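I have placed the structure first, in the form of structure tokens, so that the comments after it can refer back to it.
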Amino acid sequence: MRPPLQSALLLLISAGLLRVSLFSDISLRYVKEGLQPFLVASGFILLATGLLGVITSGLFSLGHGLPHAGRKRAVSRRGDVPPPPASEDGHDHSRGPRVAWLMFPPAVALLLLAPPALGSYTAARDTEVVVATYERFPPLSAAGPAPLSLTEFIGRAQQDKKGSLEGRSVVMQGFVTPRGDGTWDLTRHLIALCAADSQSLKVTVHGVPAPREDS
């Protein structure tokens, strides 16, 4: 890959990265909110590096000022173009490795497409999280459905010897993951840093028709 194309690749990646982190909140599907500023900074660094490569390669020169712009290589009397000077280690560093071409498809996809957030497909193939041990549980609201996170609900169901959930209605948020036995799971993903380390919290619901998947 020639240096101008390497610069174009950097610009393409930076555009996609800034699209999902600066101009939208798409990146929050895959990383924690606290990491979003670092993604934005990385996008600007790649943008600056790509622009610097474009300038130094002389793509936008008008034929003067930069050594490579609009000038032909000096030729010998026989009309042959002399080979580029070899580096000290004997290798040609005028172009990058061909494997760099493999970065173009994901860079284009990041710029044009928005990969979906983690959903039921991932949860159905993930291992369930073992929640941390609670030292004590705060009292539930005296009246009406009690709002609970899936983490606290699972902790109470597994660890609360007083049975604070017995006979109580609760309100929880998550998405629907169907099961093969007619039941369904209310699911949420826990992300420590990014989607690669996500884990699933699941609460199985019985006796209620399953809503639409991923709803």
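As a basis for the values below, the full set of heavy atoms in this structure was taken, side chains included, without hydrogen atoms, waters or symmetry mates. Source: prediction; values computed, not measured.
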> Considering all heavy atoms of both residues, which atom of Ala146 and which atom of Arg168 are nearest to each other, and what is their separation?
Replying inline: CB-NH2, 4.0 Å
>> Does Met103 have more than 12 heavy atoms from other residues, nucleotides or ligands lying within 6.0 Å of its CE?
In response: no
>> Is any side-chain heavy atom of Leu11 closer than 4.5 Å to one of Leu46?
In response: no
> How would you list, by chain and number, every residue that makes a ring pair (Phe, Tyr, Trp, His ring centres under 6.0 Å) with Phe104, sequence neighbours excluded?
Replying inline: Trp101
> What heavy-atom pair brings Leu47 and Ser14 nearest, and what distance separates the two atoms?
Replying inline: N-CB, 3.5 Å
> Does one side chain, of Thr177 or Thr187, offer a donor that lies under 3.5 Å from an acceptor on the other?
Replying inline: yes
>> Show the nearest heavy-atom pair for residues Leu186 and Leu150, with the distance to one decimal.
In response: O-CD2, 3.3 Å
> Considering residues, nucleotides and ligands other than Phe137, do more than 12 of their heavy atoms fall under 6.0 Å from its CZ?
Replying inline: yes
> More than 12 non-hydrogen atoms from neighbouring residues, nucleotides or ligands closer than 6.0 Å to CZ on Arg188, yes or no?
Replying inline: no
> Which heavy atom of Val171 sits nearest a heavy atom of Pro145, and at what distance?
Replying inline: CG2-CB, 3.5 Å
> Around atom OH of Tyr134, are there more than 12 heavy atoms of other residues, nucleotides or ligands at under 6.0 Å?
Replying inline: yes
> What is the minimum heavy-atom distance between Ser27 and Ser21, and which atoms define it?
Replying inline: OG-CA, 3.7 Å
> Applying ring pair (Phe, Tyr, Trp, His ring centres under 6.0 Å), which residue pairs with at least one partner in residues 181-211 are found, sequence neighbours left out?
Replying inline: Phe175-His189
